[in-house]
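Structure, as structure tokens:
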There are 2 protein chains.
Amino acid sequence: MVKLTDVAAKAGCSVTTVSRVINNYGYISQKTRKKVHEAMKELNYQPNSVARSLQGKKTKLIGLIFPDVSNPFFGELVSKIEDQLFKHGYKTILCNAGNDKEKERTYLQMLMANQVDGIIAGAHNLGIEEYQRTGLPIVSFDRKLSDNIPIVSADNFKGGSLATQELYNHGARHIYFVGNPTLDGHPTQKRLLGYKETIKELKLTEHIHPVIFNETLALKEMAIRDLLENHKVDGIVASDDLTALLILNISHDLGIHIPKDLKIIGFDGSKVVRDFEPRLSTIVQPIRSIAQLLVKLLEKRIDNPTEELDNYTYYLPVELLKRESSGN
Amino acid sequence: MVKLTDVAAKAGCSVTTVSRVINNYGYISQKTRKKVHEAMKELNYQPNSVARSLQGKKTKLIGLIFPDVSNPFFGELVSKIEDQLFKHGYKTILCNAGNDKEKERTYLQMLMANQVDGIIAGAHNLGIEEYQRTGLPIVSFDRKLSDNIPIVSADNFKGGSLATQELYNHGARHIYFVGNPTLDGHPTQKRLLGYKETIKELKLTEHIHPVIFNETLALKEMAIRDLLENHKVDGIVASDDLTALLILNISHDLGIHIPKDLKIIGFDGSKVVRDFEPRLSTIVQPIRSIAQLLVKLLEKRIDNPTEELDNYTYYLPVELLKRESSGN
DNA sequence: TTTTTTATGATAAGCGCTTGACATAATCTT
DNA sequence: AAGATTATGTCAAGCGCTTATCATAAAAAA
């Protein structure tokens with residue numbers, strides 16, 4: 001392994017000088033600076049970040065705690081975050097927490113032990129305290145952890161409302177909300193609230209049909225089949241796109257015509273779903289902006305941990321993508 | 001920050017003893033071991049892995065270099081790999097390389113600087129040498145890097161063959177291969193070879209219709225539209241599921257009935273696609289097994305870098321999932 | 001009791017790098 | 001030419017932990 005002393009030898013100067021070049025302090029002539037850089041290049045030298053970190057330097061490691069990148073929405077979000085972090089010089093430690101409390105907890109410990117500079121939290125298994133206890137800079141996606149942890153989120157309430165209104169505009173009068181009904185703090189709840197509010201404004205009756213997010217596919221299908229076969233429904237606000245797709249498929253099996261008999265609108269609008277299911281109307285979350293803001297806020301916290309932010313809650317605007325499934 | 005000396009103080013023993021407990025060497029009585037563990041728990045102590053790594057201990061960090069987790073297949077694969085790594089006590093550094101040579105190169109440097117224990121390489125931008133030069137244990141997914149780097153892959157050739165045969169069995173005689181035609185070393189090429197071989201056996205004419213993987217959606221759509229409108233085709237082997245979905249959608253737009261007028265079969269079989277597009281026939285890669293094998297091989301390399309493996313090429317069996325789109 | 005074995009402590013070196021203190025050149029000012 | 005400025009070097013301490021060495025004490029075996 002090439003080390004500082006090797007570079008110094010090659011460049012014909014002292015380690016101090018090399019260190020000065022690398023860390024950019026003290027007096028250095030252009031000539032030596034160049035010589036050192038050349039030596040580093042020739043030897044393909046990379047300062048050992050482990051050693052640097054031990055001096056209290058930043059590790060430039062960020063922990064990303066999210067449910068699961070195999071979900072297209074989280075996949076895209078994580079991808080965008082990773083890209084932002086990379087541009088800011090950070091490396092991403094990927095922590096898929098699933099719905100596994102224990103795994104999330106272990107990861108938290110690991111991240112601390114690895115001296116990460118900060119955490120972006122998007123999983124929802126653990127309580128606030130466990131995150132607080134890390135003492136690390138944290139920003140949260142879509143869920144309030146505590147008063148002093150910034151939270152970034154799409155405007156889920158508005159999304160729920162927009163979706164409901166869109167279905168109404170296209171003639172639906174028996175509009176169901178299909179998805180997770182009761183997870184408190186969970187983002188889908190705000191979507192539900194938006195739905196409820198709008199239903200009330202429209203003087204309709206609210207109908208909530210629970211389809212639990214991390215149930216098996218078969219159980220979800222049963223729940224949806226039950227809805228479509230045994231209830232009078234002509235419009236559905238789905239809590240997320242995957243649920244919406246399921247409804248689309250089952251409707252097709254049952255011979256229910258979309259959008260004539262039933263109008264559907266999803267939520268999330270990941271690129272994959274938008275591109276490959278072009279019939280589905282959906283509420284699109286601004287994934288790129290979310291990623292940018294998360295990283296920007298986190299970096300701010302890292303660079304200045306004590307500074308109070310002027311705002312701890314950010315709702316980014318959603319967009320209604322009108323397609324065939326909602327009657328367009 | 002809690003450190004070793006704090007634990008020693010709390011437990012009423014020397015740092016040496018604490019270190020003996022942590023690293024499990026030398027003589028230690030059950031009583032002291034317990035006392036130390038209690039002290040660690042009480043203080044919520046985590047050995048600083050940065051400091052440990054500096055002694056030459058393993059970092060337990062693995063770099064994962066893949067194109068992009070927002071692609072459902074890679075999302076699922078990365079998710080499964082992450083899970084395997086976690087179970088083996090490793091942390092995952094996520095490196096989305098996209099098709100960006102420079103980013104991949106930078107990541108490689110970063111991984112070296114961070115003293116990762118090994119790399120799982122699934123991106124295809126860089127040449128062998130740059131990987132070799134890291135001097136790190138590496139395993140590769142789906143692409144040969146060099147003779148002494150193990151490669152794990154689904155049996156793409158067999159998959160291409162199975163798909164072609166399936167279309168034939170259901171009556172297709174004008175069977176096209178749609179996707180990347182020429183990327184050498186790229187996995188889709190073996191799929192193409194499987195297709196070609198089988199076409200020859202069946203005494204049909206081969207037709208290759210290029211749709212470049214990282215083109216824009218619009219260009220891909222144009223290419224497909226051209227195929228469907230201007231060519232006599234009744235069967236398509238798609239190089240991957242997303243391309244297959246595109247073909248499905250465009251066929252629908254053009255009023256081409258699937259599977260009556262045209263039979264399609266995709267490739268990859270990620271869970272998302274299987275669950276949410278249940279009409280699509282596809283060649284399913286054994287993602288979980290791939291992940292397990294990759295991690296197993298990598299760990300072997302890490303624990304014993306010099307040992308020669310008895311095999312450097314692993315083709316895992318694919319499975320044909322028969323659905324409606326291929327005529328079932 | 002004597003010898004072995006087991007348990008713990010004190011001390012120090014070192015992993016690769018940073019940084020401060022101090023010293024000495026080389027170059028620039030006026 | 002004298003002082004100021006800039007450039008480089010030497011040396012040493014320290015980040016938190018591991019590990020080897022040596023010493024000593026307690027428990028177990030002979």
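Letters A, B, ... are given to chains in the order of the sequence lines, protein chains preceding strands, and every chain is numbered from 1.
- The CG atom of B:N48 sits 7 Å away from the P atom of D:dG16 (whole-angstrom rounding).
- The side chain of B:Y27 contributes an N or O atom lying less than 4.0 Å from OP1 or OP2 of C:dT6.
- Comparing A:R20 and A:V15 along DNA chain C, the residue whose closest nucleotide (by nearest heavy atom) sits nearer the 5' end is A:V15.
- In this structure, A:K57 places its NZ atom 10 Å from C1' of C:dC17, rounding to the nearest Å.
- Inspection of the A:S14 and A:T17 side chains reveals an N or O donor paired with an N or O acceptor under 3.5 Å.
- For B:K3, taking side-chain heavy atoms from C-beta onward, the closest of the listed nucleotides D:dG16, C:dT8, D:dT6 is D:dG16.
- Computed from coordinates, the A:L54 CG to C:dT18 P distance equals 11 Å when rounded to whole Å.
- With a 6.0 Å cutoff to the six-membered ring centre and a 45° limit on the axis angle, A:K103 counts as a cation-pi contact of B:F86.
- Nucleotide D:dG16 holds its C1' atom 8 Å from the OH atom of B:Y45, rounded to whole Å.
- The separation between A:N24 atom CG and D:dA7 atom P is 12 Å, rounded to whole Å.
- Taking side-chain N and O atoms only, B:R52 has a distance below 4.0 Å to OP1 or OP2 of D:dT18.
- By the 30° and 60° cut-offs, the orientation of the rings of B:F74 relative to B:F141 is perpendicular.
- When the C1' atom of C:dT8 is taken as reference, atom CD1 of B:I28 falls 7 Å away, rounded to whole Å.
- Here C:dG14 is the nucleotide among C:dC17, C:dG14, D:dA20 with the atom lying nearest to any side-chain atom of B:Q55.
- Spacing between atom CE of B:M1 and atom C1' of D:dG16 amounts to 8 Å, rounded to whole angstrom units.
- Here A:S19 does not reach the OP1 or OP2 of C:dC17: none of its side-chain N or O atoms lies under 4.0 Å away.
- The A:C13 side chain lies nearest to D:dG9 when the options are D:dG9, D:dT10, C:dA10.
- When heavy atoms are screened at a 4.0 angstrom cut-off, A:T17 is found touching the sugar-phosphate backbone but no base atom.
- Using modelled atom types and a 3.5 Å distance limit, the side chains of B:E82 and B:Y90 yield no donor-acceptor pair.
- Distance from the side chain of A:L4 is smallest to C:dC17 among D:dT8, C:dG16, C:dC17.
- Contact check, B:S29 against C:dA7: no side-chain N or O comes under 4.0 Å of OP1 or OP2.
- In this structure, A:I120 and A:I65 have side chains that are not in contact, with every pair of non-hydrogen atoms separated by 4.5 Å or more.
- Side-chain nitrogen and oxygen atoms of B:S14 include none within less than 4.0 Å of the OP1 or OP2 phosphate oxygen of C:dT8.
- Nearest-nucleotide mapping onto DNA chain D: of A:K31 and A:A51, the residue sitting toward the 5' end is A:K31.
- Per the geometry, CG belonging to A:N114 stands 13 Å off P belonging to D:dC17, to the nearest Å.
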